[in-house]
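Below is one structure, written out as structure tokens; comments come after it.
All ligand and atom numbering here is 1-based and tracks the order in the structure. Predicted model only: the values in this text are computed from it and were never measured. Both backbone and side-chain heavy atoms feed into the values below; hydrogens, waters and symmetry mates do not. In what follows, residues are counted from 1 in the order of the sequence shown.
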Amino acid sequence: MEIQEETIQKSYSNALKQRKSSTPSSCCSPQTQSQSCCPSSTVLEAGEPVSFGCIYLKPILRDYLEEGMTVIDLGSGAGHDLMTAADLVGPTGKAVGVDFTDDMIQEATENAQKNNLTNVTLVKANIKDIPLPDNSADVVISNCVINLALDKSQVFNEVFRLLKPGGIMIDADVIATQPLSREIKEDSDLWCSCVGGALTKTEHEEILHEIGFTNISVKLGNKDSVQFDVPELAIESGIIFASKPIA
Ligand SMILES: C[S@@+](CC[C@H](N)C(=O)[O-])C[C@H]1O[C@@H](n2cnc3c(N)ncnc32)[C@H](O)[C@@H]1O
């Protein structure tokens, strides 16, 4: 079955509604229920926006983000990592969230207002074609989103374009530990659950290298990852770092 972007949008709109109404399931399909892109609420601090990410990024963002930076969050969802980024870059910096689901944009806007974060901007757009200027971000972050994109090279090319020379990408995502079968890749539920579109470590490295990124590192098994207890799916959460060269 061909994967449709509209199906992905609807699944995240529904996932947010379900989370807000405290219905247990979310973005997960029945096969991966509560194992895919849905961190345990126990790792979230009280009052934090809901997260659909696959790694608790806060400790990593604390290490990389500095006051005054411009950060772009691809697929910012309800704004979990975006609010952290806004807080870390402070009033002289900017945190820009990009998402293509209306409900997510609205939720993140409300969360920024609730937290009095005046340095947050939300852009409704597809991450394959982002209406933001070249060389504008110190750091591009993303959490459990790029696996959902139908053309990953197009998205990573956008990341490269947006980064300032010397800027870095921090991309938490689901990584396939072996190439996924065609059956899995063509299952719309599994795609929307952040499984079917997962690239392997080697596929990530090849695409990023081809685009011109340097310092590429794909690390699996982060201690703050969502654990997948479905061995036959051959997936793990991981974090991909890459830099745009200075010259
Ligand atoms: C698994 S959720 C992760 C949300 C957020 N990063 C977090 O950690 O909570 C995926 C998000 O990416 C958005 N998304 C998926 N594909 C997208 C695309 N092609 N363009 C823009 N947003 C996209 C969805 O609307 C959803 O909000």
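- The shortest N or O to N or O distance between I127 and ligand 1 is below 3.5 Å.
- Under a 4.0 angstrom heavy-atom cut-off, S51 registers as being in contact with ligand 1.
- K128 and N157 form no side-chain donor-acceptor contact under 3.5 Å, judged by distance and modelled atom types alone.
- Of the options C144, C194, G75, the smallest heavy-atom separation from atom 5 (C) of ligand 1 is shown by G75.
- Taking only nitrogen or oxygen atoms, main chain and side chain alike, H80 does not reach within less than 3.5 Å of ligand 1.
- Using cut-offs of 30° and 60° on the angle between ring planes, the pair F156 and H204 is perpendicular.
- In the model, E158 has no side-chain atom that pairs as donor or acceptor with a side-chain atom of Q154 under 3.5 Å.
- Under a 3.5 Å cut-off, the side chain of S142 and the backbone N or O of D171 do not form any donor-acceptor pair.
- Among the atoms of F52, some N or O lies under 3.5 angstrom from an N or O of ligand 1.
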Ring pair (Phe, Tyr, Trp, His ring centres under 6.0 Å) between Y12 and F100, worked out: CA-CA 10 Å; Y12 282 96; F100 71 176; 8.5 Å; no

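- Contact annotation: for A125 versus ligand 1, heavy atoms closer than 4.0 Å belong to the backbone alone.
- Between the side chains of D99 and S76, no donor-acceptor pair is found at a separation under 3.5 Å.
- Between T101 and ligand 1, a contact under 3.5 Å exists for at least one N or O pair.
- Looking at I8 next to ligand 1, no N or O pair under 3.5 Å apart turns up.
- Contact annotation for D81 and ligand 1: only side-chain heavy atoms (C-beta onward) come within less than 4.0 Å of the ligand.
- In this structure the side chain of I72 reaches within 4.5 angstrom of the side chain of L132, judged on heavy atoms.
- Residue-to-ligand polar distances keep D73 apart from ligand 1: every N/O pair is separated by 3.5 Å or more.
- Proximity of N143 to ligand 1, defined as any heavy-atom pair under 4.0 Å, is shared by backbone and side chain alike.
- Across all non-hydrogen atoms, the minimal contact from I211 to S153 is CD1-O, 3.9 Å.
- The option with the heavy atom closest to atom 18 (C) of ligand 1, from among F100, Y56, Y12, is F100.
- For ligand 1, the polar-atom distance check against L74 finds no nitrogen or oxygen pair separated by under 3.5 Å.
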